[in-house]
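Step one of this worksheet: look at the structure below.
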Amino acid sequence: MILVITSNSTFVKLDTVFRFSTMIAEEYNVRYILLRKLKSYPQWKDLSGEVVMDIGCGDGSESTKCILQLFPRVEKIIAIDKLRRVIAAAKRENAHPQIEYHVANITKKLTLMTWYNKISKIISFHCFEFVKLKEAFRNVFFLLKPGGEGVIVLMTSNAFRDAYDEMLENPMWRRYLKNRKGPSAGFANYVTHFECQALAQEVGLSVRFCQARENTACFENDQEIKGGVENFIRGYSRYLPEDLKQSFTEEYTSALYRRLVPGREGRICMRRTIIVILVRKPEAFIISHL
């Protein structure tokens with residue numbers, strides 16, 4: 001049993017480390033602590049000589065760095081991201097002899113053929129909320145060796161997304177924004193951990209653990225919230241008439257603030273739902289799952 005995942009109090013403590021004002025450093029700490037706890041699980045204790053894949057690696061400064069620090073004797077880390085500019089930054093800023101950075105998409109099997117049946121462990125933080133889950137799980141099965149395992153952390157809702165969905169209930173905004181792509185468009189649509197588990201099992205993976213947790217991420221001050229609103233709305237404002245943009249911003253901000261809650265030390269926090277799932281590819285599997 002994995003302590004960090006099965007203990008409510010432990011998981012909440014991990015997530016309260018996260019603060020928006022120090023996003024990169026603190027999110028790294030959260031990932032580090034979670035992966036360190038995984039080391040207490042027999043199949044994750046050492047990983048010497050194993051090939052590990054980091055899905056949605058970004059620029060390599062977060063989870064990829066954590067993996068190498070905690071499992072320094074891995075044979076190699078295959079770090080993939082679908083964005084070329086991100087992989088270019090990773091190669092430039094976080095190169096390492098044990099890390100291979102590649103442009104690849106977890107939902108596009110043709111970009112993954114090189115690693116079919118070769119990956120011992122898969123790790124992914126905050127990537128699966130932006131992809132088609134069934135396709136992603138199918139390709140996790142495709143990539144893992146028989147007996148290989150993967151731990152996946154995905155966020156299925158937060159205050160920014162919930163406030164946006166409220167805006168879509170208004171016919172005036174829905175007219176302009178329905179089916180439009182923006183910062184939250186790729187979010188898995190409030191998938192439950194039961195649905196997540198079912199999708200993984202449907203493609204042939206066995207699920208060792210799957211659980212949802214509601215926790216909080218906090219802002220240091222009101223200015224950070226406003227900055228978050230601006231960043232979020234920027235992705236949608238191009239679909240709105242110029243004379244309605246200000247009204248949309250005001251209504252969206254109001255909807256967001258209704259979802260924020262007070263935190264410690266005067267901070268303002270938002271609730272979010274995170275799913276942690278640990279999957280395994282059976283030693284014997286049916287070829288039709290590929």
Side-chain angles (χ1 to χ4, degrees), residues 1-18 27-57 62-80 98-99 106 115 117-129 133 136-137 139-156 193-194 196-201 203-215 273-285:
M1 193 65 72
I2 303 175
L3 175 62
V4 64
I5 297 176
T6 57
S7 167
N8 291 2
S9 59
T10 303
F11 194 87
V12 171
K13 287 178 183 177
L14 291 184
D15 200 67
T16 54
V17 174
F18 180 83
E27 185 68 7
Y28 171 83
N29 288 339
V30 171
R31 297 175 193 213
Y32 180 89
I33 295 170
L34 175 56
L35 292 177
R36 187 177 64 188
K37 291 294 184 181
L38 274 175
K39 287 172 68 70
S40 66
Y41 194 60
Q43 286 83 350
W44 292 79
K45 186 174 182 180
D46 186 11
L47 306 192
S48 292
E50 297 195 31
V51 178
V52 179
M53 177 173 280
D54 180 14
I55 299 173
C57 65
E62 296 180 22
S63 52
T64 308
K65 184 179 178 182
C66 288
I67 296 165
L68 189 59
Q69 186 172 355
L70 286 166
F71 305 103
R73 294 160 69 181
V74 295
E75 179 181 336
K76 69 172 67 172
I77 299 170
I78 307 296
I80 67 170
Q98 288 168 271
I99 303 174
I106 189 56
W115 307 292
N117 220 36
K118 295 180 180 178
I119 305 299
S120 304
K121 299 290 188 294
I122 282 175
I123 295 170
S124 182
F125 285 88
H126 300 307
C127 170
F128 276 51
E129 56 257 44
L133 282 176
F137 280 127
N139 287 331
V140 166
F141 185 97
F142 174 81
L143 290 163
L144 286 172
K145 293 179 177 180
E149 295 191 349
V151 62
I152 296 155
V153 179
L154 63 151
M155 181 163 54
T156 62
H193 65 287
F194 296 111
C196 190
Q197 177 172 329
L199 287 170
Q201 291 173 327
V203 302
L205 292 165
S206 63
V207 177
R208 309 296 299 276
F209 182 89
C210 184
Q211 196 163 24
R213 284 286 182 268
E214 184 180 88
N215 45 65
T273 302
I274 292 176
I275 293 173
V276 179
I277 181 168
L278 178 64
V279 298
R280 179 181 177 88
K281 182 173 181 176
E283 295 284 353
F285 57 90

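Hydrogens, waters and symmetry mates play no part in the numbers below; they use all other heavy atoms, side chains included. Numbers here are sequence positions counted from 1.
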Spatial distance of atom CD1 (Ile277) from atom CG (Leu154) [nearest 0.5 Å]: 8.0 Å

Nearest heavy atoms of Leu199 and Phe137, plus distance in Å: CB-CD1, 4.1 Å

Val140 vs Phe128 side-chain heavy atoms within contact, under 4.5 Å: yes

Please report the closest heavy-atom contact between Leu144 and Gly150, naming both atoms and the distance. CD1-N, 4.4 Å

Quick test of your reading of the model: are Glu149 and Arg280 salt-bridged, counting only N-O distances below 4.0 Å? yes

dist Ile55:CD1 -> Cys57:SG (nearest 0.5 Å) comes out at 10.0 Å

Looking only at heavy atoms, what is the nearest atom pair of Lys281 and Phe141, with distance? NZ-O, 2.9 Å

Side-chain contact test, heavy atoms from C-beta onward, threshold under 4.5 Å: evaluate it for Met53 versus Trp115 and give yes or no. yes

Any non-hydrogen side-chain atom of Pro146 less than 4.5 Å from a side-chain atom of Asn117? yes

Okay, side chain of Thr273, backbone of Glu214: is any donor-acceptor separation there less than 3.5 Å? no

Looking only at heavy atoms, what is the nearest atom pair of Gln98 and Leu68, with distance? OE1-CD1, 3.7 Å

Check Ile122 against Trp44 and note the closest heavy-atom contact, atom names and distance. O-CH2, 3.8 Å

Calculate, to the nearest 0.5 Å, the distance between atoms CG and OG belonging to Leu278 and Ser206 respectively. 8.5 Å

Could you give me the CA-CA distance, side-chain angles and deciding distance for Ile275 and Val153, then say whether side chain to side chain contact (heavy atoms under 4.5 Å, CB included) is met? CA-CA 6 Å; Ile275 293 173; Val153 179; over 6 Å; no

Kindly indicate whether the side chain of Ile106, heavy atoms from C-beta on, has any atom under 4.5 Å from the side chain of Leu143. yes

Separation between CD (Glu62) and CG (Asp54), nearest 0.5 Å, reads 10.0 Å

Nearest heavy-atom neighbours spanning Asp46 and Phe71: O-CD2, 3.5 Å

Does atom NZ of Lys45 have more than 12 heavy-atom neighbours, drawn from other residues, nucleotides or ligands, at distances under 6.0 Å? no

Is there a side-chain contact between Leu47 and Lys121 (heavy atoms, below 4.5 Å)? yes

Does Thr64 reach the side chain of Ile99, with side-chain heavy atoms less than 4.5 Å apart? yes

Donor-acceptor pair, side chain of Glu75 and main chain of Val51, under 3.5 angstrom: no

To the nearest 0.5 angstrom, please state how far the SG atom of Cys210 sits from the CD atom of Gln197. 5.5 Å

Are Leu34 and Phe125 close enough that some pair of their side-chain heavy atoms sits under 4.5 Å apart? yes

Interatomic spacing from CD1 in Ile123 to CD1 in Ile77 - rounded to 0.5 Å: 8.0 Å

